[in-house]
Amino acid sequence: MDIVTRFAPSPTGYLHVGGLRTALYNYLYARKNKGKFILRIEDTDRTRYQEGAVENLLNSLKLMGIEYDSGPEKEDENGPYFQSKRTDLYNKEVDKLLKDGKAYRCFCTSERLGKLHEEQIKNGKDFKYDGKCRNISLEKSEERAKTEPFTIRLKVPESGQIKFKDKVRGKVKIDYSQVNDQILIKSDGFPTYHLANVVDDHYMKISHVIRGEEWLSSLPKHLLLYHYLDWKPPKFAHLPLLLNEDRSKLSKRQGDVAVKDYLNKGYLPAALLNFLVLLGWNPGDNREIFSLKQLINEFTLERINKSGSVFDIKKLDWMNGQYIRKLDDDSYFEEARKWIDVKNIKEDKLNIALKSLKPRLIKMTDIQEKLKLFTQKKFKIVNEDAKKIISMNSTKVVLKSYIQKINSTDRLTGKVFQKIMNEIQKETGVKGKNLWMPIRIALTGEMHGPELDYIVEYFGKEENIKRVRKHI
RNA sequence: GGCGCGUUAGUCUAGUGGUUAGGACGCCGGCCUCUCACGUCGGCAACACGGGUUCAACUCCCGUACGUGCUACCA
């Protein structure tokens with residue numbers, strides 16, 4: 001069987017990290033099995049549609065490196081890939097259902113439905129449609145349809161139960177008595193998710209539906225639709241939810257959920273992907289760092305787990321740091337430049353500073369702030385300990401000797417600096433903190449920071465002398 | 001309320017009847033001729049509870065609790 005998967009978001013805002021993970025799993029499964037990965041836009045709810053949402057979705061996916069084979073801007077014979085452009089198809093199929101008595105027109109007003117719902121809540125009953133229009137004859141229904149507004153509902157068996165297998169959950173069974181006569185076509189003529197989804201998945205030849213757990217409860221409706229239409233249903237895999245820290249469903253309230261937010265904050269796409277793939281899936285051994293290519297190789301549906309996972313930003317931070325350090329220097333320099341705004345610094349000089357920062361970054365947005373240590377022209381020593389150290393007697397001795405020694409070198413590199421410090425230690429007998437800290441403080445004003453090699457080399461001979469002289 | 005699904009450390013997870021319950025993040029500590037970070041080494045920390053089944057249950061069954069999803073003319 002040919003493997004075809006799909007990601008089917010609705011254009012109601014930005015791409016959500018949970019959506020990204022769903023897209024990723026679908027993508028990985030398709031690529032792993034040399035199948036196709038499709039993007040379909042589910043825009044049947046005109047009230048929730050947001051301008052620019054589709055462009056945003058496409059753009060986010062692109063930035064994350066997830067490429068689809070068919071979809072918007074990649075239309076082919078199975079398209080169009082916007083549900084709003086496929087209404088004829090849905091109507092054709094629902095007509096069949098109507099004729100076969102598998103669906104029926106419902107003329108109930110939303111007022112009546114609202115009242116019904118209220119009563120059911122009050123009486124503690126199941127919240128279901130009461131079937132008032134269920135047995136209107138087809139002829140009468142056709143007649144009334146000419147003058148009255150209506151919806152079309154799925155005729156769900158009144159008793160019995162449905163059993164099915166989910167690739168993630170295993171065997172699941174649900175009583176039909178629990179399943180509502182779902183509306184298939186809304187009074188505005190547009191289909192609901194349930195109808196459109198099944199029809200599209202069938203005609204787009206989807207072999208595996210990999211989607212969020214929130215759909216598990218409505219799977220009976222979908223399966224029933226496949227059965228009524230005499231179609232072979234695809235395989236299903238319902239993914240565990242992504243959760244907030246308090247274990248509720250991941251939401252905007254408790255932090256960022258848009259993929260763009262994370263990108264803007266300086267998380268690398270590869271790191272975000274790597275982090276997300278591990279929320280609900282594992283390779284079966286202790287490895288944690290994976291490139292997209294490796295993931296394609298390793299991914300299996302069988303290793304997706306059942307329980308929801310908390311989106312732990314601390315681990316994302318760690319992983320992003322890993323990815324930054326893993327970058328080779330040239331790619332790192334190139335990436336870093338996107339995140340900083342510096343003027344009048346020569347490239348190789350800037351690179352020295354950047355390199356010293358590389359092991360210290362969590363997010364790319366950290367760079368600008370950390371770079372200040374190098375770019376600031378003036379500073380005051382505010383730390384009390386630093387003041388103490390800089391005014392010690394041994395400090396004067398060390399600094400004097402330091403100036404003397406760098407005066408007689410032509411180029412002050414990190415290596416030369418190490419040699420000089422060695423000599424100073426031997427000559428003055430000062431060592432450890434008392435030897436090194438004076439240089440650091442004189443150069444930066446701080447007690448903490450990157451390795452001195454880089455700082456010394458960055459400033460060069462003249463600037464070293466200038467800064468150190470002030471403290472003798 | 002009903003129904004579905006889930007439950008190994010604070011978090012992500014490995015584990016499929018007999019293990020000193022493994023790894024990762026975080027946290028704590030040692031080391032890395034200055035600091036902080038990186039790295040490295042080590043440490044703390046978990047099978048929700050109660051019944052079964054079995055010579056033996058984290059593992060199988062039932063129940064309870066808790067969490068979560070659905071119960072829309074939203075997806």
Side-chain angles (χ1 to χ4, degrees), chain A residues 8-12 42-45 47-48 106 108 110 113-114 117 120-121 123-128 149-153 166 168-170 172-175 177-180 182-194 196-197 211-220 238 240-241 243 245-249 275 278-289 303 305-319 321 325 356-362 370 385-386 389 418 421-422 425 431-441 446-452:
Chain A
S10 48
T12 55
E42 311 225 324
D43 55 349
T44 56
D45 185 359
T47 61
R48 293 211 310 161
C106 174
C108 294
S110 41
L113 261 18
H117 190 73
Q120 287 172 333
I121 289 178
N123 300 334
K125 280 204 188 148
D126 290 352
F127 313 138
K128 279 180 65 186
F150 63 88
T151 60
I152 298 178
R153 289 182 183 272
D166 181 89
V168 174
R169 317 269 145 196
V172 180
K173 55 182 177 187
I174 295 175
D175 287 343
S177 64
Q178 293 301 319
V179 183
N180 201 7
Q182 184 61 231
I183 290 186
L184 265 17
I185 300 280
K186 296 178 262 186
S187 56
D188 65 0
F190 275 83
T192 56
Y193 171 86
H194 308 281
N197 194 259
R211 74 217 312 189
E213 193 193 335
E214 65 267 28
W215 295 112
L216 190 62
S217 303
S218 43
L219 186 51
H238 287 89
L241 258 21
L243 311 173
E245 221 168 304
D246 66 359
R247 304 202 76 85
S248 56
K249 194 174 165 183
F275 171 69
L278 257 17
L279 255 33
W281 175 87
N282 73 81
D285 53 41
N286 287 333
R287 286 130 72 222
E288 286 200 306
I289 305 290
R303 296 211 65 89
N305 47 246
K306 299 175 173 65
S307 50
S309 20
V310 173
F311 190 98
D312 180 13
I313 196 103
K314 285 243 180 75
K315 181 130 189 186
L316 208 212
D317 281 345
W318 169 79
M319 188 155 292
R325 267 157 246 138
S356 78
L357 262 23
K358 195 175 168 187
R360 315 175 67 77
L361 301 174
I362 290 174
K370 291 190 188 292
D385 290 336
I389 291 171
Q418 286 294 334
M421 293 306 280
N422 244 319
Q425 191 198 123
K431 58 183 178 179
K433 215 171 188 170
N434 293 343
L435 172 68
W436 300 85
M437 212 35 98
I439 309 285
R440 175 177 294 284
I441 297 166
E446 299 287 337
M447 304 247 318
H448 305 308
E451 290 188 28
L452 270 171

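Below, chain A is the first sequence line, B the second, and so on; all start at residue 1.
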In whole angstroms, how far is the P atom of B:G4 from the NZ atom of A:Lys306?
17 Å

Please report, rounded to the nearest Å, how far the P atom of B:U68 is from the CG atom of A:Leu243.
9 Å

Ranking B:G4, B:A14, B:G69 by distance to the side chain of A:Leu216, first place goes to B:G4

Atom pair distance, as rounded to whole Å: CD in A:Gln178 and C1' in B:G4
9 Å

Categorize A:Lys173 for me: base, sugar-phosphate, or nothing, with a 4.0 angstrom heavy-atom threshold over every strand shown.
sugar-phosphate

5'-most by nearest nucleotide on RNA chain B - A:Asp312 or A:Ser307
A:Ser307

Report yes if at least one side-chain N or O of A:Arg247 is closer than 4.0 Å to OP1 or OP2 of B:C12; otherwise report no.
yes

By nearest-heavy-atom nucleotide on RNA chain B, the more 5' of A:Met447 and A:Arg325 is A:Met447

Picking from B:G69, B:G10, B:U13, the nucleotide nearest the side-chain atoms of A:Ser309 would be B:U13

Does A:Gln182 offer a backbone N or O that forms a donor-acceptor pair with the side chain of A:Arg153 under 3.5 Å?
no

Between A:Asn286 and B:G22, is there a contact of a side-chain N or O with OP1 or OP2 at under 4.0 Å?
no

Is A:Asp285 salt-bridged to A:Arg287, going by a charged N under 4.0 Å from an acidic O?
yes

Separation of B:U71 P from A:Leu219 CG (nearest whole Å):
14 Å

In the strands shown, is B:G18 matched to any nucleotide by a Watson-Crick or G-U wobble pair with both distances under 3.5 Å, and which?
B:C55

Contact class for A:Gly280 (heavy atom, under 4.0 Å): base, sugar-phosphate, or nothing?
sugar-phosphate

What integer number of Å spans the C1' atoms of B:G43 and B:G26?
14 Å

What distance, rounded to whole Å, do you find between the two C1' atoms, one in B:G17 and one in B:U54?
9 Å

Compare all side-chain heavy atoms of A:Leu216 with those of A:His238 and state whether any distance is below 4.5 angstrom.
yes

For the P atoms, the ones on B:G23 and on B:U68, what distance do you get once it is rounded to whole angstrom?
31 Å

A:Leu241 CG - B:U7 P separation (whole Å):
14 Å

Can you tell me how far P of B:U13 sits from CZ of A:Arg287, to the nearest Å?
17 Å

Can A:Arg48 and A:Asp45 be counted as an ion pair, charged N to O under 4.0 angstrom?
yes

Counting side-chain heavy atoms from CB outward, which of B:C25, B:G2, B:C5 is closest to A:Glu213?
B:C5

Have a look at A:Arg211 and say if it touches a base, only the backbone sugar-phosphate, or nothing, with a 4.0 Å heavy-atom cut-off.
nothing

Straight-line distance of A:Trp281 CH2 to A:Asn305 CG, nearest 0.5 Å
11.0 Å

Can you check the distance between B:U11 and B:A57, where both ends of the measurement are the P atom (answer in whole Å)?
28 Å

Could you tell me how far B:U16 sits from B:C58 if I compare only their P atoms? Round to whole Å.
14 Å

Mind checking if A:Asn422 touches a base, just sugar-phosphate, or nothing, with heavy atoms under 4.0 Å?
base

Rounded to whole Å, the CG-C1' distance (A:Asp285 to B:U13) equals 12 Å

Quick note, A:Ser217 side chain, CB onward, closest among B:G69, B:U11, B:U13 is B:G69

Using atom C1' of each nucleotide, how far apart are B:A14 and B:U35 to the nearest Å?
39 Å

Using both distances under 3.5 Å as the test, list the Watson-Crick or G-U wobble partner of B:G4, or none.
B:U68

What about A:Arg440, does its side chain sit under 3.5 Å from the base of B:C34 through a donor-acceptor pair?
yes

State which of B:C12, B:A14, B:C34 makes the closest approach to the side chain of A:Trp436.
B:C34

P-based separation of B:G52 from B:G15 [nearest Å]:
29 Å

Does the side chain of A:Pro240 come within less than 4.5 Å of A:Lys306's, by heavy atoms?
no

Whole-angstrom distance between B:G30 and B:A65, as gauged at atom P
48 Å

Tell me what A:Lys249 touches on the nucleic acid: a base, only sugar-phosphate, or nothing, going by heavy atoms under 4.0 Å.
sugar-phosphate

If you count the non-hydrogen atoms of other residues, nucleotides and ligands that lie under 6.0 Å from CD in A:Glu245, is the total more than 12?
no

Taking the side chain as everything from C-beta on, heavy atoms only, tell me whether A:Glu288 gets closer than 4.5 Å to A:Trp318.
yes

With the threshold set at 4.0 Å, does a side-chain nitrogen-carboxylate oxygen contact exist between A:Lys249 and A:Glu213?
no

Of the listed nucleotides (B:G26, B:C12, B:C34), which one gets closest to any side-chain atom of A:Trp318?
B:G26

Detail all sub-3.5 Å separations between protein N/O atoms and N/O atoms belonging to nucleotides 72-75 of chain B.
from  : atom 1 : to       : atom 2 : distance (Å)
B:A72 : OP2    : A:Phe127 : O      : 3.4
B:C73 : O2     : A:Ser187 : N      : 2.7
B:C73 : O2     : A:Ser187 : OG     : 2.6
B:C73 : N3     : A:Ser187 : OG     : 2.9
B:C74 : OP2    : A:Lys186 : NZ     : 3.1
B:C74 : O2'    : A:Asp45  : OD2    : 2.9
B:C74 : O2'    : A:Arg48  : NE     : 3.1
B:C74 : O2'    : A:Arg48  : NH2    : 3.4
B:A75 : OP1    : A:Thr44  : OG1    : 3.0
B:A75 : OP1    : A:Lys186 : NZ     : 2.8
B:A75 : OP2    : A:Tyr193 : N      : 3.3
B:A75 : O3'    : A:Glu42  : OE1    : 3.1
B:A75 : O2'    : A:Ser10  : OG     : 2.9

Could you tell me which nucleotide pairs with B:G63 by Watson-Crick or G-U wobble geometry, both distances under 3.5 Å, or answer none if nothing does?
B:C49

Mate of B:C32 where both pairing distances stay under 3.5 Å, Watson-Crick or G-U:
none

B:A75 -> Watson-Crick or G-U wobble partner, both distances under 3.5 Å, gives none

Can you tell me if A:Thr192 uses its side chain to pair, donor with acceptor, with the backbone of A:Ile183 under 3.5 Å?
yes

Tell which nucleotide pairs with B:C27, taking only Watson-Crick or G-U wobble pairs whose two distances are both under 3.5 angstrom.
B:G43

Counting any heavy atom closer than 4.0 Å, what does A:Glu446 reach on the DNA or RNA strands: base, sugar-phosphate only, or nothing?
nothing

Using modelled atom types only, decide if a donor and an acceptor are shared between the side chain of A:Lys186 and the backbone of A:Ile152 within a distance under 3.5 Å.
no

Distance check needed: B:G26 C1' versus A:Phe275 CZ, whole Å only.
13 Å

From the list B:C34, B:G10, B:U68, which nucleotide is the closest neighbour of the side chain of A:Leu452?
B:C34

